[in-house]
Amino acid sequence: MKYNKKELLKTKIEHIDIKKFNAIPLIDSFDRMAFQSRNLARSCKIYEKMLNDKDCVIILCLAGSLVSAGLKKIIIELIKNNMIDVIVSTGAIVVDQDFFEGLGFNHYKGFVSADDNQLRELMIDRIYDTFIDEKDLRVCDMTTKKIADSMKPGAYSSREFINKMGEYLEKNGKAESFVHEAYIKDIPIFCPAFSDSSAGFGLVFHQSEKRDKSIAIDSVKDFRELTEIKVNSKDTGLLMIGGGVPKNFVQDTVVAADILGVDAPMHKYAIQLTVADERDGALSGSTLKEANSWGKVDSGLEQMVYGEATVIFPLLASYAYHKKSWKNRKEKRFNKIFKEQS
Ligand SMILES: NC(=O)c1ccc[n+]([C@@H]2O[C@H](COP(=O)([O-])OP(=O)(O)OC[C@H]3O[C@@H](n4cnc5c(N)ncnc54)[C@H](O)[C@@H]3O)[C@@H](O)[C@H]2O)c1
């Protein structure tokens, strides 16, 4: 069946609002059950402990395609209500998905049986059952170039660059964005593989044009800054949605601190929601218990939950939001501890 572009990009993905439903009774029931329902209930309790621990800095890790799938508003609520202090993410989530929406573009409800050749002809990109207008993505690529062009030449951490993206949205934003919300709350966002995203295209263009007057993203600086946060925090807790590079990057700060001669404790709390299991020995499914053997995550207050994030992240976040423990948390504003270059 042939569709035109307008027909295919008709229905926007809407972001779930955790304020509109209270998951506490469901999670309490899950706690009396077995398998992943009980694991999810335990992870909710561990998150509660993190939120009630005055000495705990909470780091949210993001991988996969979470914002395009309708989870953006959850991340915004976690930021607004001091339920997280730092974000480590893939570039796709930060740039292609969140910043993209902040510029006023949308993700659309699609379908898996779509004719991908036809989508290619129409310049529509597909993420499983979601469609994106590639023309809009190109504007996003060029906006990152525009931001890079406006900066003093030099090496910046992804955190510094993403802060500039937040500043850009402050002036030019057209819709809600967690990059913008983090900018307002001085919450650092790190992307260890920043160029592997829409920003990469803009930055390649920027460097080819500006040559020795260009900026560069310094991933070592990212690691140093994140390690600095770890070293300056009494305790840390990880809330990981998916696996990928953010999971390892944040866990490794304990080892980096050790290399610097600082006796930083392992991450005290850790939760991972993932579809990956441990059989292939790969990172995304490696258990948090296993991370203990590497000296990265403490044992006892860690929980793996096996399930798809669009289903289980809203439940965990709604539980924590409605429990209201976040009301006693103070904002950390870690961005303020780093001196901006430009
Ligand atoms: N995801 C995209 O659409 C996309 C687009 C452009 C660039 N990239 C780039 O590709 C690189 C790799 O991305 P990645 O780390 O997100 O890889 P990924 O999408 O493979 O996710 C990593 C792991 O996280 C888990 N995961 C992902 N989505 C999940 C979900 N919905 N529920 C539960 N678990 C889930 C899975 O175990 C998966 O193996 C990054 O640098 C990213 O910026 C990704």
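Since this is a predicted model, take the numbers as computed values, not measurements. Every number for a ligand or one of its atoms is a count from 1 in the order of the listing.
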Exercise for review: May I ask whether Thr310 places a heavy atom under 4.0 Å from ligand 1?
Suggested key: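 No; Thr310 lies far enough from ligand 1 that no heavy-atom distance drops under 4.0 Å.
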
Review point. Hey, does Gly307 sit under 4.0 Å from ligand 1 if you only count heavy atoms?
Key: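 Within the 4.0 Å threshold, so yes.
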
Practice item. To the nearest 0.5 Å, tell me how far Ser284 OG sits from Lys247 NZ. Key: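 One finds 6.5 Å between OG of Ser284 and NZ of Lys247.
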
Check your understanding: Any salt bridge between Glu134 and Arg138, counting N to O under 4.0 Å?
Key ->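 Looking at Arg138 together with Glu134, the answer is yes, because their closest N to O distance falls below 4.0 Å.
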
Practice item. Decide, yes or no, whether a salt bridge links Arg224 with Asp218 under the criterion of side-chain N to carboxylate O below 4.0 Å. Key: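 A salt bridge is absent here (no side-chain N lies under 4.0 Å from a carboxylate O).
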
What protein heavy atom lies closest to [atom]? Include the residue and the distance to one decimal.
atom	value
atom 2 (C) of ligand 1	Ser65 OG, 3.5 Å
atom 8 (N) of ligand 1	Ala92 CB, 3.5 Å
atom 28 (N) of ligand 1	Gly64 CA, 3.7 Å
atom 31 (N) of ligand 1	Glu308 OE2, 2.6 Å
atom 24 (O) of ligand 1	Gly243 N, 2.8 Å
atom 10 (O) of ligand 1	Asp196 OD2, 3.3 Å
atom 13 (O) of ligand 1	Thr90 CG2, 4.1 Å
atom 26 (N) of ligand 1	Gly242 CA, 3.8 Å

Check your understanding: Within a reach of under 6.0 Å around CZ of Arg333, are more than 12 heavy atoms found that belong to other residues, nucleotides or ligands?
Key ->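 Above 12, so yes.
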
I need the atoms of ligand 1 closer than 4.0 Å to a non-hydrogen atom of [X], numbered in the order shown.
X	answer
Ala63	15 (O), 16 (O)
Ala309	30 (C), 31 (N), 32 (N), 33 (C)
Gly91	43 (O)

**Study point:** Gln251 side chain to His267 side chain, donor-acceptor N/O pair below 3.5 angstrom
**Key:**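 Gln251 vs His267: no donor-acceptor pair found between side chains.
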
Review point. Does any pair with a residue in residues 185-207 pass ring-ring contact (aromatic ring centres under 6.0 Å, His included), and if so which ones, sequence neighbours excluded?
Key: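 Residue pairs with at least one partner in residues 185-207: Phe161-Phe194.
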
Review point. How would you list all residue pairs meeting salt bridge (charged side-chain N to carboxylate O under 4.0 Å, His left out) that involve residues 33-45, not counting sequence neighbours?
Key: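 Sorted pair list: Asp31-Lys45.
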
**Study point:** atom 16 (O) of ligand 1 touched by protein (heavy atom, under 4.0 Å)
**Key:**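 Yes.
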
Point to revise | Closer than 4.0 Å: a protein non-hydrogen atom to atom 20 (O) of ligand 1 | key: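 Answer no: nothing from the protein, no heavy atom, is under 4.0 Å.
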
Check your understanding: At their closest point, which heavy atom of Ser318 faces which heavy atom of Ala23, and how far apart are they?
Key ->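 Residues Ser318 and Ala23, closest heavy atoms: OG-N, 3.0 Å.
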
Point to revise | Heavy-atom pair of closest approach, residues Tyr108 and Leu8 | key: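 Of all heavy-atom pairs spanning Tyr108 and Leu8, the closest is CB-O, 4.3 Å.
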
**Study point:** ligand 1 versus Ser284: contacting region, heavy-atom distance under 4.0 Å
**Key:**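 Just the side chain.
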
Check your understanding: Among Val179, Ile132, Val95, Thr143, which residue meets the side-chain contact (heavy atoms from CB on, under 4.5 Å) test with Phe100?
Key ->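 Filter result, single survivor: Ile132.
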
